[in-house]
Number of protein chains: 2
Amino acid sequence: MRPTDIPKVRALPMFANVSGDTFSRVTGSAYLQRFPANTTLLLEGDPVDFLYVLLEGQVELQGTWKDKETTLTILRPVSTFILAAVVLDADALMSARTLDRCEILMISGDAIRQNMAEDAVFAVAIARELSGCYRGLVRTIKNQKLRGGVEQHANYLLTLRAKSGGGDKVHLPHEKRVLAALLGMTPENLSRAFATLGGYGVEVNGAEVRLGKLRDLERLARPDPLIDNYAPRAPLLAEADAEVWSTEHQRTGAA
Amino acid sequence: MRPTDIPKVRALPMFANVSGDTFSRVTGSAYLQRFPANTTLLLEGDPVDFLYVLLEGQVELQGTWKDKETTLTILRPVSTFILAAVVLDADALMSARTLDRCEILMISGDAIRQNMAEDAVFAVAIARELSGCYRGLVRTIKNQKLRGGVEQHANYLLTLRAKSGGGDKVHLPHEKRVLAALLGMTPENLSRAFATLGGYGVEVNGAEVRLGKLRDLERLARPDPLIDNYAPRAPLLAEADAEVWSTEHQRTGAA
DNA sequence: CAGTGTAGTTGATGGAAATCAAGAAGTCCT
DNA sequence: AGGACTTCTTGATTTCCATCAACTACACTG
């Protein structure tokens with residue numbers, strides 16, 4: 001199957017309203033690649049030649065400094081990443097690593113930049129995508145700086161609930177140690193955070209979590225539309241807005 | 001003087017390579033406005049009708065949650081802000097407040113969006129600007145999550161030095177309490193951080209700081225091009241990349 | 001000039017989270 | 001089934017930072 005034939009690619013917000021011509025030119029030289037788990041796709045500081053589109057699996061974006069490491073976000077399909085670096089033809093500020101086996105479409109950065117210059121519709125779509133990514137990061141920073149660990153975690157669970165349609169059961173999409181990294185805490189403290197939330201009706205059983213006293217949990221978490229993105233199907237905390245696009249997929253972008 | 005006649009506006013990266021026609025259409029209905037100090041220009045959650053261009057004074061972008069407040073960045077001329085919200089025609093995620101008396105150019109959001117759709121060159125320039133803003137936030141998050149208070153502060157001083165051309169004296173551009181907020185700490189702890197840095201040759205005298213033992217300070221700070229933006233004249237930590245634009249001004253953007 | 005207010009510093013204390021250490025439960029392998 | 005490995009949890013300790021409180025220096029004001 002050629003990349004241009006993959007419907008989820010065509011359905012990406014960055015191709016919304018874009019002509020078939022431009023779409024083919026952009027994706028014409030793209031190729032689909034499979035990666036095993038724990039593969040580094042891109043190291044921070046590397047030049048970026050491709051826009052990555054995650055079609056299957058999970059990818060972690062991380063930054064390091066002085067042998068410390070932090071997880072910026074975890075992507076799930078369908079998401080694009082390192083768009084900003086592609087647009088500027090700059091070096092990556094974050095590393096990208098597969099968590100699972102992944103299926104990834106790689107689109108030539110040159111093709112992106114060239115077609116932006118020639119097609120205003122496409123350029124606008126990219127600008128909107130970037131705006132969403134930017135706002136996702138603003139949310140992340142507010143979440144980080146304004147909330148304590150337990151509050152962040154409570155909001156994470158509520159966001160997860162909202163995205164899965166709103167029952168009282170929620171399924172954790174990552175291992176707990178990965179989740180801890182995502183929330184910016186140690187696995188130990190995530191464990192303790194779960195324990196604390198027990199007092200608010202949260203019952204954990206492996207990856208299955210029941211939110212027993214929603215009201216109590218919400219009073220603790222105080223979810224805020226200007227921090228938490230309850231928009232339809234956006235994958236995670238650090239994700240792009242889905243405010244504008246009501247199309248059918250998840251979104252992201254980075255570096 | 002009409003907005004279109006202000007050279008610093010025309011020199012903004014978002015107008016680089018843009019035709020005079022588009023430039024006039026975008027800025028034609030813009031107007032210049034003066035604000036006193038401590039004026040809230042925009043409250044988080046508000047719809048955003050204008051792109052703001054800061055020509056004089058300082059503006060703080062902040063976020064709040066549950067009567068806590070955090071400073072996301074402090075802007076200095078010439079900077080644009082809330083570009084992302086304008087592009088998406090969305091509500092602001094941060095509040096904007098003047099710190100000084102300010103002179104601000106307000107450009108119609110509609111005009112921006114419409115001209116993006118009609119002029120690919122302009123749309124590309126906006127996309128590049130957004131990419132720079134995005135990368136600025138990535139840097140901010142890495143700085144936040146990977147470094148402790150003293151390390152952040154040391155790097156702040158070094159960045160300041162680099163931007164002022166590199167002598168051993170540095171002038172703090174903000175009051176210390178504002179600086180503390182910017183670095184995400186309390187004024188008390190900034191004071192203590194300065195005291196600690198005394199051991200690394202840092203001598204403070206009001207707003208004047210001497211970096212006596214650069215080598216020592218650098219060994220502590222470990223500046224990193226993937227976090228700190230030493231690029232020419234970019235104003236502050238949280239600022240956009242200046243990697244691509246070598247034109248003559250400072251850059252920013254937000255929300 | 002006294003009087004008020006704000007910025008900045010310094011010290012003492014408390015709380016949140018990282019770290020260190022150990023143990024429990026589960027998975028994969030042969 | 002046994003053994004090695006990993007994840008997750010729990011407890012004890014340390015580190016970092018916020019908070020509270022007191023005090024200094026300086027500017028502005030009547």
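Proteins get letters first, then strands, A, B, ... in listed order; numbering begins at 1 in each.
- For the pair B/Leu157 and B/Leu197, the minimum side-chain heavy-atom distance is below 4.5 Å.
- Between A/Gln152 atom CD and C/dA16 atom C1' the separation is 13 Å, expressed in whole Å.
- D/dC8 atom C1' lies 17 Å from atom NE2 of A/His174, rounded to whole Å.
- Rounded to whole Å, the distance from CG on A/Asn38 to P on D/dT6 is 12 Å.
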Could you list all N or O pairs between the protein and nucleotides 10-19 of chain D that sit under 3.5 Å apart?
residue: D/dG11; atom: N7; partner: A/Arg192; partner atom: NH1; Å: 3.2
residue: D/dC17; atom: OP1; partner: B/Gly149; partner atom: N; Å: 2.9
residue: D/dA18; atom: OP2; partner: B/Asn189; partner atom: ND2; Å: 2.3
residue: D/dT19; atom: O4; partner: B/Arg192; partner atom: NH2; Å: 2.8

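- Counting heavy atoms from C-beta on, the side chains of A/Glu56 and A/Lys8 come closer than 4.5 Å.
- The distance between atom CG of A/Leu146 and atom P of C/dA16, rounded to the nearest whole Å, is 17 Å.
- Look at CD on A/Glu175: it is 11 Å from C1' on D/dC8, rounded to the nearest Å.
- When side chains are defined from C-beta on, A/Phe81 counts as touching A/Leu41, because their heavy atoms get closer than 4.5 Å.
- Taking atom CZ of B/Arg177 as the reference point, atom P of C/dG5 lies 17 Å away to the nearest angstrom.
- Atom pair A/Lys145:NZ and C/dA16:C1' shows a separation of 18 Å (rounding to whole Å applied).
- Relative to the ring axis of A/Trp65, B/Arg222 does not place its NZ or CZ within 45° and under 6.0 Å from the centre.
- Below 30°, between 30° and 60°, or above 60°: for B/Phe50 and B/Tyr31 the angle between ring planes is above 60°, a perpendicular geometry.
- Rounded to an integer number of Å, the gap from A/Leu190 CG to C/dA17 C1' is 13 Å.
- A/Val178 is not listed as a side-chain neighbour of A/Glu60, based on a closest heavy-atom distance of 4.5 Å or more.
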